[in-house]
Amino acid sequence: MTTYFSEPQSMYYRFGEDQDQVLKVLAERYIGANAQADFVYRVFQKSGILQNEKGLYDLNLSERFPDAPKDHLSYAAALVWGDEDRNLDVLVRCYGPVRFYFNEQLVYRSTVIDEISPDATVKLSIDIKPGWNTIWLEMKNTPAGFGCQFGSDEGKVRILNVFAPFQERQGQAGWVFSQPNRAASKQPDLLGKEADYSLKWLPETGWSEEDITKSALERIYGHLPGRHAYAWTHLNNNDSTGSLIRLSGQSSGSLSIWISGKPVAQLKEAGPFEVDVPVSFGRSDLLVRSECNDTGGPWHFNLNATVLGKRLQLELPQRVHGAAGESWLYVGPFESEVELDVQDLIRTDRVYQTGIEQAYWRLDRPDAWIRPYYENAMLSNKWTVGSVTNYGRWDYPLGVTVYGLLRTGRYLQRPDITRYAAEHVQACTRMYEYSLWDREQYGFPAVNQQLVMLKMLDNCGSFGSAMLEAYSECHEPTFLPIAERIADFMLSRLERKEDGAFYRTCIGEYAENTMWADDLYMSTPFLVRYARVTGNPSALDEAARQFSLYRKYLFMPEFKIMSHVYDFKYRQATQIPWGRGNGWTLFSLTEVLEALPAEHPERPALIDFFNELCEGYAALQGESGLWHQVLNDPQTYEEASCTAMFAYGFARGVRFGWFKDPAVYVTAAQRAWKGLICKAIDRQGNVHGVCSGSRYAFTAEYYDQDLRTVTNDNHGIGIMMLAGTEVAKMKKHLAEHRVSSPAVTHS
């Protein structure tokens with residue numbers, strides 16, 4: 001029997017059968033551990049190293065230095081932050097000879113095969129340590145090529161954010177790279193000063209001597225008569241007397257000024273201005289609209305704010321790492337007929353239509369924009385780690401977590417919990433339009449990676465379903481357009497077999513030409529909610545049909561359970577019934593049955609399928625109440641997430657009346673829940689015994705030995721909350737209907 005902690009540490013020891021308390025601790029522990037930390041904004045220069053569509057940083061130096069002499073060397077350097085010890089697989093694709101050093105140790109030296117084979121990809125494993133880790137690439141120019149591609153394997157999931165080295169670039173995102181040099185160079189101190197080393201590093205951080213003589217608007221946008229731009233800053237009023245603030249300055253053309261969204265000054269022609277305005281104590285948004293005149297003079301404005309003769313500080317309206325010394329953000333240039341709402345301009349979660357193209361906020365630096373990043377580690381000015389959080393990430397395990405929080409908040413009548421869950425989704429969706437623009441600008445998005453690079457059901461179905469579940473909480477307008485895109489992907493563009501079954505093509509990857517039980521969860525709950533929100537019955541029909549199709553490929557009739565994967569390369573199922581894969585199946589089937597009308601033609605067959613599966617699962621439940629990682633192999637470890645899903649499915653089957661003989665499943669659900677609170681959930685609300693994310697195999701040993709358990713894995717936290725709410729609802733249902741549940745025995 002698997003033991004994750006001693007009995008006094010268990011949730012059951014602390015709270016017994018108090019279901020509400022268990023759910024409260026689970027939800028509050030998760031929220032407390034995942035603070036509502038927004039995206040991190042950093043300076044990023046588009047003239048630097050960009051990523052390709054697979055997320056690899058493309059250091060094609062032949063394009064950057066077409067005249068570089070043969071055998072000259074260039075170097076690229078970056079920093080990677082680690083919160084804790086972790087391992088990461090990185091890929092290298094060579095254009096020419098490459099040496100890769102990680103933390104000053106040689107990890108890889110390219111071979112001639114790597115250098116001349118256009119499709120050669122080398123996978124390397126690196127151990128990231130807590131604190132700063134250094135990447136140093138040495139690349140030699142040859143007639144065949146110069147440079148490499150570098151990045152994490154599966155970049156949209158295993159995000160590798162790199163930071164600029166050297167104190168002068170502290171806080172900026174991206175790589176530095178050197179101009180080609182004849183002589184080899186040793187790795188400098190990447191946390192030291194750039195100026196201490198003779199190599200010429202790019203991208204340039206400062207304006208040229210010619211540009212420095214121009215005004216900010218002129219050097220950023222050029223001279224564009226008739227067009228206009230906006231500048232945004234924070235006015236920090238530290239005067240407590242209530243005195244008026246004096247705004248004064250000079251403008252080369254018409255100028256409008258707003259404070260906290262209210263107009264305070266308008267200058268129709270070029271010249272000086274001076275106005276006294278009331279301003280609240282503290283920070284206020286100050287927005288300027290500046291128009292470029294047609295007189296041929298420079299496009300510029302300057303603005304000073306004073307109170308009682310003392311100059312007030314202007315500072316960036318958004319915290320931007322790497323932007324020390326900057327006070328203004330700029331966006332434009334806009335065509336003369338384009339006028340924007342002021343409230344839409346004092347925000348960083350959207351892009352703006354200029355009349356010709358889209359624009360976003362940038363800085364008075366060469367080719368420099370502010371760029372939001374999803375970062376697990378929040379870094380302070382002292383480059384030390386502050387906190388780790390899942391908040392703001394879009395991926396499928398977090399879809400289950402958000403769903404669990406929503407259901408738990410409603411059950412406990414805790415609007416703070418449902419609000420937290422809804423706001424996590426909003427943090428992603430409100431950046432969606434920006435993230436599409438980000439991909440177009442930089443090759444690969446820095447936020448919403450999986451949603452933007454939409455190629456698999458994993459990328460959209462689970463979190464999309466949670467998004468639609470949250471719609472009733474907040475009616476967020478950004479949800480439905482995203483739901484339409486996901487629905488179009490599933491219903492019109494997703495790979496299918498000839499019979500219409502969803503499957504994975506994954507050409508050239510390990511999962512090429514396979515069907516996974518997991519994908520019933522990655523698709524059908526979303527389709528159910530999409531049908532409910534939009535009134536589109538075809539989405540619900542598709543969800544029902546997929547279960548019938550997947551049964552044909554994956555059902556193991558001798559056990560009445562599901563194989564994890566069908567491999568079309570071998571024309572057979574793996575015949576390995578992975579616990580969580582089966583959990584996804586039952587979980588999702590209950591979602592479809594709840595929504596399916598009584599008269600739907602697929603309903604009788606799906607009710608029968610539900611009963612078959614539950615009979616198979618109930619027969620394999622362990623004495624502890626938990627199920628095994630491989631369901632029909634009791635030598636594999638007991639696994640918590642599949643146990644929670646079976647408890648969820650059984651409890652719903654009882655409550656909705658789908659069972660022919662419900663008594664067995666009342667007992668099984670209660671045993672499962674007690675097993676979880678005794679053996680998988682400790683008294684602090686930590687969740688143990690959840691296996692890590694899976695690939696697939698034809699042997700049980702892979703699932704048992706290679707997929708070990710992880711504490712507080714997002715594959716398990718949400719489903720624990722969902723299981724707890726459903727078992728509680730089942731008990732309430734039985735009590736209200738005066739149905740006596742059979743006695744529950746425990747080992």
Side-chain angles (χ1 to χ4, degrees), residues 29-42 55 57 76-92 100-108 123-137 150-176 187-194 319 321-322 372-393 395 397-398 446-447 449 682 684 686-688 690 692-693 708-715 717:
R29 190 219 66 82
Y30 177 83
I31 293 172
N34 292 275
Q36 289 185 278
D38 204 349
F39 302 109
V40 178
Y41 287 79
R42 297 189 180 278
Y57 295 96
L79 302 174
V80 176
W81 177 264
D83 324 305
E84 56 191 16
D85 290 309
R86 66 184 179 99
N87 183 266
L88 182 70
D89 289 338
V90 296
L91 304 179
V92 182
F100 164 42
Y101 297 81
F102 189 71
N103 289 333
E104 301 187 49
Q105 299 298 312
L106 180 64
V107 174
Y108 166 71
K123 181 184 289 190
L124 306 165
S125 181
I126 59 174
D127 294 319
I128 296 175
K129 303 299 182 184
W132 286 113
N133 298 257
T134 60
I135 296 176
W136 178 257
L137 297 173
F150 182 93
S152 68
D153 189 19
E154 297 183 270
K156 69 178 183 290
V157 178
R158 295 167 180 86
I159 301 166
L160 177 62
N161 289 327
V162 298
F163 305 97
F166 302 126
Q167 292 178 14
E168 294 93 327
R169 302 176 190 251
Q170 179 179 325
Q172 297 178 22
W175 297 75
V176 299
Q187 178 178 327
D189 178 6
L190 297 182
L191 296 177
K193 292 184 178 181
E194 180 178 343
R319 180 169 173 77
H321 294 264
Y373 288 83
Y374 171 79
E375 295 180 6
N376 287 332
M378 305 295 289
L379 307 179
S380 75
N381 283 334
K382 295 184 178 179
W383 296 20
T384 56
V385 67
S387 62
V388 179
T389 176
N390 286 309
Y391 190 80
R393 182 176 172 91
D395 68 14
L398 282 169
V447 295
Q449 287 88 350
D682 68 28
Q684 284 79 38
N686 297 298
V687 175
H688 305 260
V690 175
S692 57
R708 305 310 296 172
T709 61
V710 180
T711 300
N712 291 328
D713 189 284
N714 284 316
H715 290 89
I717 297 171

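Keep in mind that what you see is a predicted model, and the values were worked out from it rather than measured.
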Any side-chain heavy atom of F100 sitting closer than 4.5 Å to one from I126?
yes

Side chains of S125 and N87: any donor to acceptor distance under 3.5 Å?
yes

Answer whether the closest heavy-atom distance between the side chains of V80 and V162 falls below 4.5 Å.
yes

Pairwise side-chain contact, N103 with W132, heavy-atom cut-off 4.5 Å (strictly under)
no

Might you work through the side chain to side chain contact (heavy atoms under 4.5 Å, CB included) test for Y374 and N390, ending with a clear yes or no?
CA-CA 9 Å; Y374 171 79; N390 286 309; 4.3 Å; yes

For V710, is there any backbone N or O sitting under 3.5 Å from a side-chain donor or acceptor partner on N712?
no

Would you sort out whether R29 and I717 count as a side chain to side chain contact (heavy atoms under 4.5 Å, CB included), showing the intermediate values?
CA-CA 10 Å; R29 190 219 66 82; I717 297 171; 3.7 Å; yes

Would a distance-only check, ignoring hydrogens and angles, find a side-chain to backbone donor-acceptor pair under 3.5 Å from E375 to V40?
no

d(R393 CZ, Q449 CD) to nearest 0.5 Å is 7.0 Å

Do P165 and T134 have side chains that get closer than 4.5 Å, going by heavy atoms?
no

Any non-hydrogen side-chain atom of F102 less than 4.5 Å from a side-chain atom of V90?
no

CZ (F166) and CD (Q172) are apart, to the nearest 0.5 Å, by 12.0 Å

Closest approach of D85 to P130 (non-hydrogen atoms, all atoms of both residues):
OD1-CD, 3.2 Å

Test log, rule side chain to side chain contact (heavy atoms under 4.5 Å, CB included), inputs L137 and W175
CA-CA 11 Å; L137 297 173; W175 297 75; 3.8 Å; yes

